[in-house]
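These numbers were taken from a predicted model, which means no experiment stands behind them.
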Amino acid sequence: MHIVSLAGGIGGARFLRGLRATAPDAQITVIGNTGDDITLFGLRVCPDLDTVMYTLGGGIDEEQGWGRAKESHAVKEELAAYGVEPQWFGLGDRDFATHIVRSQMLEAGYSLSQITEALCARWQPGVRLLPMSDERCETHVVISDERGRRAIHFQEWWVRLRASIPAESIALVGVETAKPAPGVLEAIAEADVVILPPSNPVVSIGTILQVPGIRDALLAKTVVGVSPIIGGAPVRGMADACLTAIGVETSAQAVLDLYGAELIDGWLVAEEDSGVTLDGVTVAARPLIMHDADATADIARAALDLALELAR
């Protein structure tokens with residue numbers, strides 16, 4: 001069985017760990033969001049790709065859900081001592097090594113997909129991890145503050161500002177000329193089912209869907225999504241701030257409407273959202289809190305079972 005999954009950061013990575021556990025014999029291809037990517041201190045950082053790689057490879061800081069386990073921050077402290085900005089984005093010493101290797105390989109002419117494959121050779125995540133595109137695409141957010149109306153990188157809005165200043169708009173810069181990374185469209189074409197984890201529907205899943213060709217390829221497949229919204233609130237993070245920025249209500253119903261019946265065949269919601277409906281979409285309700293490994297595997301199994309049933 002070949003499963004394709006689109007994934008963002010922490011929620012997506014943890015869901016994928018559950019999916020891998022519940023379908024150990026399946027071939028799983030993960031198409032990772034690269035809209036969060038940013039260049040810091042001369043190094044190319046790919047937060048979502050790395051979170052998936054570390055989580056599935058056993059190197060993640062389990063408590064915070066991102067970064068390396070048993071991390072130290074000597075380099076960050078030395079950069080701060082020199083007054084080097086930005087100081088709001090904290091990279092650990094172990095994590096720096098990944099970004100150094102990636103940046104050296106980019107400078108040598110390797111593509112992001114080739115580099116991701118090389119990095120995964122160390123971590124052995126048990127899935128094939130592909131960036132959504134080898135082209136540089138970065139999510140930017142328009143805000144208005146004491147400095148006026150301006151666009152900033154998504155990471156500054158998300159990490160430094162904690163989305164405390166409302167986003168007037170969100171744009172994926174560079175996507176117009178981007179192409180799916182090698183292997184992405186082929187993996188979708190060969191997939192038996194496609195599963196969308198409970199990742200941010202705007203800046204994770206939504207970003208991947210903006211890459212020309214990816215959404216169209218998915219329309220021919222059986223796609224089941226897991227709602228990232230439970231009872232009108234995000235499962236984690238600040239997805240509500242992103243939804244507000246694009247004029248969408250924070251609800252399981254609104255996210256399903258955002259994806260659309262053209263794309264989604266099945267929608268897994270929490271029990272408190274069991275009233276969600278959309279013509280042409282099969283909606284199933286069950287507990288969706290990933291509070292431990294068993295619960296996460298149960299959610300992944302429910303999503304996979306629904307997808308296989310609909311694919312018959």
Side-chain angles (χ1 to χ4, degrees), residues 6-12 31-40 44-49 51 66 85-86 88-89 112 131-180 196-216 218 225 227-229 232-264 278:
L6 279 56
I10 299 171
I31 302 170
N33 168 45
T34 60
D36 292 5
D37 293 6
I38 187 171
T39 298
L40 297 168
R44 193 63 178 163
V45 180
C46 300
D48 283 2
L49 292 178
T51 295
W66 53 270
E85 298 289 346
W88 48 263
F89 198 102
L112 182 58
M132 64 187 197
S133 178
D134 281 343
E135 276 77 46
R136 183 166 172 168
C137 301
E138 293 185 1
T139 302
H140 284 68
V141 178
V142 174
I143 63 169
S144 293
D145 59 10
E146 66 279 358
R147 295 172 55 184
R149 188 170 185 270
R150 60 196 179 98
I152 60 175
H153 194 285
F154 170 77
Q155 294 290 357
E156 182 174 358
W157 182 66
W158 195 252
V159 178
R160 184 177 77 83
L161 299 176
R162 302 294 298 170
S164 59
I165 298 177
E168 298 177 17
S169 63
I170 298 175
L172 183 59
V173 178
V175 72
E176 295 85 0
T177 57
K179 300 182 295 293
L196 307 185
S199 296
N200 191 306
V202 180
V203 295
S204 291
I205 303 297
T207 299
I208 300 169
L209 293 174
Q210 288 185 60
V211 177
I214 291 183
R215 184 184 179 97
D216 287 344
L218 291 171
S227 175
I229 306 297
V235 176
R236 64 171 297 121
M238 299 166 285
D240 50 341
C242 299
L243 289 166
T244 299
I246 64 169
V248 174
E249 179 186 73
T250 303
S251 70
Q253 179 70 64
V255 174
L256 174 56
D257 292 339
L258 175 65
Y259 285 148
E262 185 182 32
L263 173 67
I264 299 293
L278 185 64

Chemist: Less than 4.5 Å apart, side chain to side chain, heavy atoms only: is that true for S144 and E168?
Modeler: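 With C-beta onward as the side chain, the pair touches.
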
Chemist: What's the separation between atom CD1 in I31 and atom CG in N33, rounded to the nearest 0.5 Å?
Modeler: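 I31 CD1 to N33 CG: 11.5 Å, rounded to 0.5 Å.
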
Chemist: Answer whether the closest heavy-atom distance between the side chains of V45 and D37 falls below 4.5 Å.
Modeler: no

Chemist: Using 0.5 Å steps for rounding, measure from the CD1 atom of I229 to the OG1 atom of T250.
Modeler: 5.5 Å

Chemist: Any idea which heavy atoms bring T39 and R44 closest together, and the distance?
Modeler: OG1-NH1, 2.9 Å

Chemist: Closest approach of F154 and C242, non-hydrogen atoms and distance?
Modeler: CE1-SG, 4.5 Å

Chemist: Please examine the side chains of W158 and M238, heavy atoms only from C-beta on, and report whether any two atoms are closer than 4.5 Å.
Modeler: yes

Chemist: Rounded to the nearest 0.5 Å, how far does CZ of R136 lie from OG1 of T34?
Modeler: 11.0 Å

Chemist: In the structure I gave you, are the side-chain heavy atoms of V141 and S169 within less than 4.5 Å of one another anywhere?
Modeler: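 With C-beta onward as the side chain, the pair stays apart.
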
Chemist: Got more than 12 heavy atoms from elsewhere within 6.0 Å of CZ, R150?
Modeler: yes

Chemist: So do the side chains of L196 and I264 get within less than 4.5 Å of each other, counting heavy atoms only?
Modeler: yes

Chemist: Write down the atom of A254, the atom of V248, and the distance for their closest heavy-atom approach.
Modeler: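 What the structure gives for the nearest pair is CB-CG1, 3.7 Å.
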
Chemist: Would you say S204's side chain and G8's backbone share a donor-acceptor pair under 3.5 angstrom?
Modeler: no

Chemist: Looking at every non-hydrogen atom in both residues, tell me the closest pair between P198 and S227 and how far apart they are.
Modeler: CB-O, 3.7 Å

Chemist: Please report the C-alpha distance between E138 and L172 in whole Å, then the side-chain angles of each, then the deciding distance to 0.1 Å, and finally whether the side chain to side chain contact (heavy atoms under 4.5 Å, CB included) criterion is met.
Modeler: CA-CA 6 Å; E138 293 185 1; L172 183 59; 5.8 Å; no

Chemist: Using 0.5 Å steps for rounding, measure from the CD atom of Q210 to the OG atom of S133.
Modeler: 12.0 Å

Chemist: Would you say V142 and I170 make side-chain contact, with heavy atoms under 4.5 Å?
Modeler: no

Chemist: Pair L263, R215 - check side chain to side chain contact (heavy atoms under 4.5 Å, CB included), show working.
Modeler: CA-CA 8 Å; L263 173 67; R215 184 184 179 97; 3.8 Å; yes

Chemist: Does the side chain of T139 come within less than 4.5 Å of W157's, by heavy atoms?
Modeler: no

Chemist: For the atom pair CG (D36) and SG (C46), what is the distance rounded to the nearest 0.5 Å?
Modeler: 10.0 Å

Chemist: Is a donor on one side and an acceptor on the other found under 3.5 Å between the side chain of E135 and the backbone of K179?
Modeler: yes

Chemist: With I152 as reference, evaluate D145, I165, I143 under the side-chain contact (heavy atoms from CB on, under 4.5 Å) test and give the passing residue.
Modeler: I143

Chemist: Measure across P131 and L112 and return the closest heavy-atom pair with its distance rounded to 0.1 Å.
Modeler: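 Shortest heavy-atom separation between P131 and L112 comes out as CB-CD2, 3.8 Å.
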
Chemist: Looking only at side-chain N and O atoms, does S251 offer a donor or acceptor that is under 3.5 Å from a partner on Q253?
Modeler: no

Chemist: Do you know the tightest heavy-atom contact between L6 and I205?
Modeler: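 Taking every non-hydrogen atom into account, O-CD1, 3.4 Å.
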
Chemist: Taking the side chain as every heavy atom from C-beta outward, state whether Q155 and F89 have any pair of such atoms under 4.5 Å apart.
Modeler: yes

